Amino acid sequence: MSVISETVENKSLGGNLWSVSQANDREVELLIERHNVPYVVAKILSLRGISSENISTFWEPKLQNIMPNPSVLKDVDKAANKIADAIVNKQKIAIIGDYDVDGATSSAVLRLFLESVGAFPDVHIPERDEGYGPSMKAIDNFVSRGAELLITTDCGTTAFEPLEYATNKSLEVIVIDHHEAEVNLPRVYAVVNPKRLDETEEYPDLKYMAAVGVVFLVVVAVNRELRRRNFYGEEYNEPNLMQWLDLVALGTVCDVVPLRGLNRAYVRQGLKIMANSQNIGLKTLLEKGGLNTPPTAFHLGYVLGPRLNAGGRVGDSDVAHKLLCCNKEYEAQLYADKLNEYNIQRKDVENYVLLQAIEILEGQPQKYPIAFVFGYDWHQGVIGIVAGRLKERYNVPSFVMSVEADEVKGSARSISQIDLGELVIAAKEKGILTKGGGHTMAAGFSLNQDKIEEFRTFVGEYVNNKIGNEAICPVLNIDAILEVGGANKELAVSLDNLEPYGAGNSEPKLMLKNVQIIKSSLVGIGHVRCILTSDSGKSIKGMAFRVGDNDIGQAMLNSRGEYFDVVGVLRRDTWNGRDEVQFIIEDIKKYV
């Protein structure tokens, strides 16, 4: 991909400029002295803004100390009262979710709570070809089955036409969402969304919740209202809401929202629940993924997430939701096997589209610092993943579209400087897009085929005006520098206290200086494994993923005694009962 940019010297083989982050030395000393942590961990804590005074909240975030009264969000009390009315009066409740992990967990948490208090809702997860969010067809089906209350989870904030249709069909509608909102909201009974433009700034961290986090707050409010009405007693016992924090953690990690404040507490506590294997579906899926140790945020994002997403990408969208809600072992086995099969299909389809997208981008000069591609036979279920791969490869905002018979459906992934939610709303307001919504870093949209080039120009100029060519020379921020001997199991155990990792609390980037790469070999689909060794005689296993066709991989495979500086992350390797460490390589540079 050829993009106009200035020449930058001293770039790594991954095309990055390296910058070693500088911490406050005094604060690092205080952390070491008062909390007995290794220097590397103390420095990372300081860089994350964690001081000796607030470290306890970071180490062990507790919901009881962090979670605000749900009523601080607009319409929460209205929504809680209406849902409680429906439960008490035995009204039929319908739920429309989304086909990604956040959507599946959001609808599952709400459904499991409702079932625990005697309400058994109809749940609809749209297929990809039906489109994102509520549809008139789904609404008609709910009405025909006697639904009186419709709740949308992880969607609905910009679904003006379908929700007006639902209201005209005499459905009461509650939206529980977290996507970017416009000035106008749907004319429904309640809209619970921390990104409403009329929300206060008193609790800014709430704006970063995944939809499942918002759903959990609503469930807390409904449970409180039922308790106030003396609902619990002879027929129904009050449920333990903590039991569903594993699903809240899963949706929060997989939706790549910042893991700070309440989100960090959700995930930290949810991982503890998940380790106890209370959810049969999750337990089965983890077993199918070969995991026999307590899961971490990494496993949520890279073992469970891709499998749960696979149904919505290339198979049946509702399989993930059914797996998360099932309570029978044989059903869990069937659903988990289906998702594994879908995940294999997804990988094949993804590789096909990705290769075609790269050929298009690298076969012609690009006027703007964006990756903008479309194809006529591309499966719309993988275009989001491909957009993410292109963003990683070129470090520019990436837009990937599938041209369908009736419309063009697209997905985008961004870099930190560009807010995709704002971009998509702006394009909708100009009449370029027919539909669209999303977050800062990810978005989905639709448009007519004759608008593709207009959209390319709009996106290119939007990005150019924001950052120009700034994104072409990305900076890789390094937390600390180590000798190979320092990258040991003891450090890896200490780093575990920084978990969960994710957006807003990224896994620490470490540099190993002046190492040799030996015994390198190609494994899997484009991965390279090796041994990293130093003149001191110390060594550590190394692995670099998806580098076989780039400069990093070629340098590793063809190394003949040269010395390199290597940047990556240190992880514990517990596969098949091992208790070792390995260094996951992200970038390398020749040592000078």
Side-chain angles (χ1 to χ4, degrees), residues 95-112 123-130 132 153-154 210-212 244 246-256 270-271 273-275 277-354 379-386 388-389 411 524-525:
I95 300 171
I96 290 181
D98 190 16
Y99 36 61
D100 66 359
V101 179
D102 191 19
T105 53
S106 297
S107 55
V109 167
L110 183 58
R111 172 183 167 182
L112 290 170
V123 179
H124 177 66
I125 308 296
E127 297 295 337
R128 286 267 170 176
D129 56 5
E130 181 182 334
Y132 166 76
T153 61
D154 197 24
V212 69
W244 298 307
D246 51 0
L247 299 181
V248 178
L250 177 59
T252 298
V253 170
C254 290
D255 219 50
V256 200
L271 285 169
I273 301 297
M274 196 179 296
S277 304
Q278 294 185 359
N279 186 293
I280 293 173
L282 287 182
K283 176 186 175 183
T284 304
L285 199 59
L286 284 167
E287 290 171 350
K288 297 286 183 183
L291 186 69
N292 53 13
T293 58
T296 67
F298 173 82
H299 299 117
L300 270 57
Y302 293 95
V303 176
L304 293 176
R307 288 168 170 80
L308 289 165
N309 265 329
R313 296 190 186 283
V314 299
D316 299 327
S317 290
D318 64 352
V319 175
H321 170 89
K322 289 178 178 177
L323 175 76
L324 299 179
C325 293
C326 73
N327 55 18
K328 296 181 175 63
E329 291 276 1
Y330 77 91
E331 286 184 350
Q333 292 288 337
L334 288 173
Y335 293 140
D337 285 338
K338 268 190 176 183
L339 289 172
N340 274 337
E341 291 171 11
Y342 291 147
N343 197 40
I344 292 170
Q345 294 175 32
R346 186 269 306 168
K347 290 178 182 178
D348 291 339
V349 175
E350 173 196 330
N351 287 332
Y352 167 76
V353 176
L354 178 61
H379 196 300
Q380 61 178 272
V382 302
I383 57 178
I385 302 177
V386 172
R389 296 278 187 258
S411 190
I525 304 177

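All values derive from a computational prediction rather than experimental measurement.
- Nearest heavy atom pair, residue Thr284 against residue Ala332, reads OG1-CB, 3.4 Å.
- With respect to Arg389 and Glu350, a salt bridge is recorded, a charged nitrogen being found less than 4.0 Å from a carboxylate O.
- Of all heavy-atom pairs between His321 and Ala104, the closest is ND1-O, 3.9 Å.
- Shortest non-hydrogen contact noted between Asn309 and Tyr99 is OD1-O, 4.1 Å.
- Between Ile385 and Arg346, the closest side-chain pair of non-hydrogen atoms falls below 4.5 Å.
- Inter-residue side-chain proximity for Gln345 and Arg313 is flagged as unmet; no heavy-atom pair is nearer than 4.5 Å.
- Between atom CG of residue Leu323 and atom NZ of residue Lys338 there is a gap of 11.5 Å, rounded to the nearest 0.5 Å.
- For the atom pair Leu286 CG and Asn279 CG, the distance stands at 9.5 Å (nearest 0.5 Å).
- Formation of a donor-acceptor pair under 3.5 Å by the Ser317 side chain with backbone atoms of Pro126 is found in this model.
- Taken to the nearest 0.5 Å, the CD atom of Glu287 stands 7.0 Å off from the CD atom of Gln333.
- Counting only heavy atoms from C-beta outward, the side chains of Asp316 and Tyr342 approach each other to under 4.5 Å.
- Atom OG of Ser106 is separated from atom CG of Asp100 by 8.0 Å, given to the nearest 0.5 angstrom.
- Under the 4.5 Å side-chain criterion, counting only non-hydrogen atoms from C-beta, Leu308 is not in contact with Cys254.
- Closest approach of Thr296 and Leu271 over heavy atoms only: C-CD2, 3.8 Å.
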request  = Test side-chain contact (heavy atoms from CB on, under 4.5 Å) on Met274 and Leu304 and set out the steps.
outcome  = CA-CA 12 Å; Met274 196 179 296; Leu304 293 176; 4.0 Å; yes
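- Each of Thr153, Asp154, Ile96 was checked for a side-chain contact (heavy atoms from CB on, under 4.5 Å) with Ser107, and the lone residue meeting it is Thr153.
- The two residues Ala275 and Pro294 make their nearest non-hydrogen contact at CB-CB, 4.3 Å.
- Across all non-hydrogen atoms, the minimal contact from Val109 to Trp244 is CG2-O, 4.2 Å.
- Of the possible donor and acceptor atoms, none in the side chain of Asn343 sits under 3.5 Å from a partner among the backbone N and O of Leu339.
- Looking at heavy atoms from C-beta onward, Leu282 lies in side-chain contact with Leu247 at the 4.5 angstrom threshold.
- To the nearest 0.5 Å, atoms CZ (Arg307) and CD1 (Ile344) are separated by 8.5 Å.
- In terms of modelled atom types and a separation under 3.5 Å, the side chain of Asp102 and the main chain of Val212 share a donor-acceptor contact.
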Full working for side-chain contact (heavy atoms from CB on, under 4.5 Å) between Lys328 and Ile280 = CA-CA 7 Å; Lys328 296 181 175 63; Ile280 293 173; over 6 Å; no
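- Between Pro295 and Leu300, the closest side-chain pair of non-hydrogen atoms falls below 4.5 Å.
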